[in-house]
Amino acid sequence: MIREHKKLMWIGSLGCLMVAFVGCKKDKPKPPPASSPAPTAPVALVPEADVTRTVTELTQAWSKVKSFSGRIDSRLADAVGREGRTIGEGTYELRRDGDKLQIRFDLANTLYFQTDWESKSQLVTAEFLLWVTDGTIMYQSTRQTKDYYKVTKTHYNEDALLQLAAPIVLRELMVDHTLKILPEDVLDARRVVVVQATPVNGTWDETHYFDKETGIRVKHVENDKDGKQTYLLTLKDLKVDPEFETNHFDFEVPKEAELIDKTKE
């Protein structure tokens, strides 16, 4: 999944540094050197009965959703892989168009770099991210300093954009995580299904919260091996089936931005 899975792709950066916004995965094993044998493809794990039932129920709930919108809040326990923290605020909007999902994900990140632990001084910078897809083409816009404004155009790939629909999120997790269904909870007056995901090859753990009525993920938490929270994503002010303008999921490249078109590669 920015994997986010994928996960969000948050692309954090300072100057020309960039990092995927996929949650904090510091403990993931490093990729083997080029001379090592290529790893075999991951094999999907066989889910337990309660997991299968939960996936089915959330998939059925999601199938009834035509569109939704909400406010995204994120917390990452580092800043582009360095000591510090990243705080993100933005919006997430989605509309079905037949079999396609149209998505508009807007995020403003504030990065706090720890520069001197004794004086507790920090370096603060910001970046503005926008991902838009009509279900076929995707634009990823990153604006940082006055002279850094780039837009990348690609064919839509669900793994390259934050996904909140239960069927997509759970399908990804089931490939290389062991899932466990925890007792239901209530968030923002909504009954939520709680799924704990433990990676097969990793030392962190994840907990995902899905709105039971819609199958939309409304919270995602990751903790490291010591139980310290390293990543938090929440979807607030969830509105189901809002109306959007016809061209809401179109994207026009700003004149001042540099376009990188990868659809022709």
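In this chain, numbering begins with 1 at the start of the sequence shown.
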Verdict with reasoning, Asn157 to His155, per side-chain contact (heavy atoms from CB on, under 4.5 Å) = CA-CA 6 Å; Asn157 178 357; His155 295 290; over 6 Å; no
Please report the C-alpha distance between Arg190 and Leu238 in whole Å, then the side-chain angles of each, then the deciding distance to 0.1 Å, and finally whether the side-chain contact (heavy atoms from CB on, under 4.5 Å) criterion is met.
-> CA-CA 10 Å; Arg190 290 180 176 273; Leu238 174 61; 3.7 Å; yes
So Thr142 and Gln140, side-chain contact (heavy atoms from CB on, under 4.5 Å) or not? Walk me through it.
-> CA-CA 7 Å; Thr142 303; Gln140 296 167 285; 5.7 Å; no
Step by step, would you call Asp134 with Asp97 a side-chain contact (heavy atoms from CB on, under 4.5 Å)?
-> CA-CA 8 Å; Asp134 60 2; Asp97 180 21; over 6 Å; no
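A donor-acceptor contact shorter than 3.5 Å is absent between the side chain of Asp226 and the backbone of Lys228. Judged by distance alone, the side chain of Thr230 and the main-chain N or O of Ala77 form no donor-acceptor pair under 3.5 Å. Distance alone, capped at 3.5 Å, is enough to place a donor-acceptor pair between the Ser74 side chain and the Gly88 backbone. In this structure, the side chain of Arg75 does not engage the main chain of Arg85 through any donor-acceptor pair within 3.5 Å.
Connection of Met138 to Leu129 is established within a shared hydrophobic cluster, with ILVMFWY side chains joined at heavy-atom distances below 4.5 Å, either directly or through further cluster members. When the side chains of ILVMFWY residues are joined at heavy-atom separations under 4.5 Å, either directly or via intervening members, Ile87 and Leu107 end up in two distinct hydrophobic clusters. Using a 4.5 Å cut-off between side-chain heavy atoms of Ile, Leu, Val, Met, Phe, Trp and Tyr, with links allowed through other members, Tyr156 and Tyr139 fall into different hydrophobic clusters. Phe128 is not connected to Leu111 by any chain of hydrophobic side-chain contacts under 4.5 Å among Ile, Leu, Val, Met, Phe, Trp and Tyr, and they are in different clusters. Both Val55 and Val193 are part of a single hydrophobic cluster, where members link through side-chain heavy atoms under 4.5 Å apart.
Proximity of Leu76 to Asp78: side-chain heavy atoms (C-beta onward) are separated by under 4.5 Å at one or more points. Between Phe105 and Thr133 there is no side-chain heavy-atom pair separated by less than 4.5 Å. The closest side-chain heavy-atom distance from Trp131 to Ile103 is not below 4.5 Å. Contact of the Asn201 side chain with the Asp176 side chain is not registered, since no non-hydrogen atoms from C-beta on lie closer than 4.5 Å. Two residues are said to be in side-chain contact when any heavy atoms from C-beta on lie closer than 4.5 Å; Arg217 and Leu235 fail this criterion. Side-chain contact between His220 and Glu222: present, with at least one pair of heavy atoms (C-beta onward) separated by less than 4.5 Å. Proximity of Asp188 to Val218: side-chain heavy atoms (C-beta onward) are nowhere separated by under 4.5 Å. With a 4.5 Å cut-off on side-chain heavy atoms, Leu164 and Tyr92 count as touching.
Smallest separation of non-hydrogen atoms from Leu162 and Ile72: CD2-CD1, 4.3 Å. Shown here for Ala61 and Lys212, the closest heavy-atom pair between the two residues is CB-O, 3.6 Å. The nearest pair of heavy atoms linking Phe244 to Pro242 is CZ-CG, 3.7 Å. Residues Leu259 and Lys153 share a closest heavy-atom pair of CD1-CB, 4.1 Å.
For the pair Arg104 and Phe249, the cation-pi criterion (under 6.0 Å, within 45° of the ring axis) is not fulfilled.
Here the straight-line distance linking atom OH of Tyr231 with atom OG1 of Thr86 works out to 11.5 Å at 0.5 Å rounding. Taken from CD in Glu93 to NE2 in His248, the straight-line distance is 3.5 Å, to the nearest 0.5 Å. How far OH of Tyr112 is from OG1 of Thr125: 11.0 Å, rounded to the nearest 0.5 Å. For the atom pair CD (Glu158) and CD1 (Ile168), the distance works out to 4.5 Å, reported to the nearest 0.5 Å. Residue Ile216 holds its CD1 atom at 6.5 Å from CG of Asp211, rounded to the nearest 0.5 Å. For the atom pair CG (Asn223) and CG (Asp205), the distance works out to 5.0 Å, reported to the nearest 0.5 Å.
Under the 3.5 Å distance criterion, with hydrogens and angles disregarded, a donor-acceptor pair is assigned to the side chains of Lys100 and Thr136.
Partners of Pro254 by side-chain contact (heavy atoms from CB on, under 4.5 Å), not counting sequence neighbours, listed by chain and number: Tyr149, Val151, Phe251, Glu256, Ala257. Legend: residues meeting salt bridge (Lys or Arg N to Asp or Glu O under 4.0 Å) with Lys239, ordered by chain and number and at least two apart, are absent. Remark: Arg71 engages Asp73, Asp237 in a salt bridge (Lys or Arg N to Asp or Glu O under 4.0 Å) (not counting sequence neighbours).
Within 6.0 Å of atom CD in Glu213, 12 or fewer heavy atoms from other residues, nucleotides or ligands are found, so the atom counts as exposed in its surroundings.
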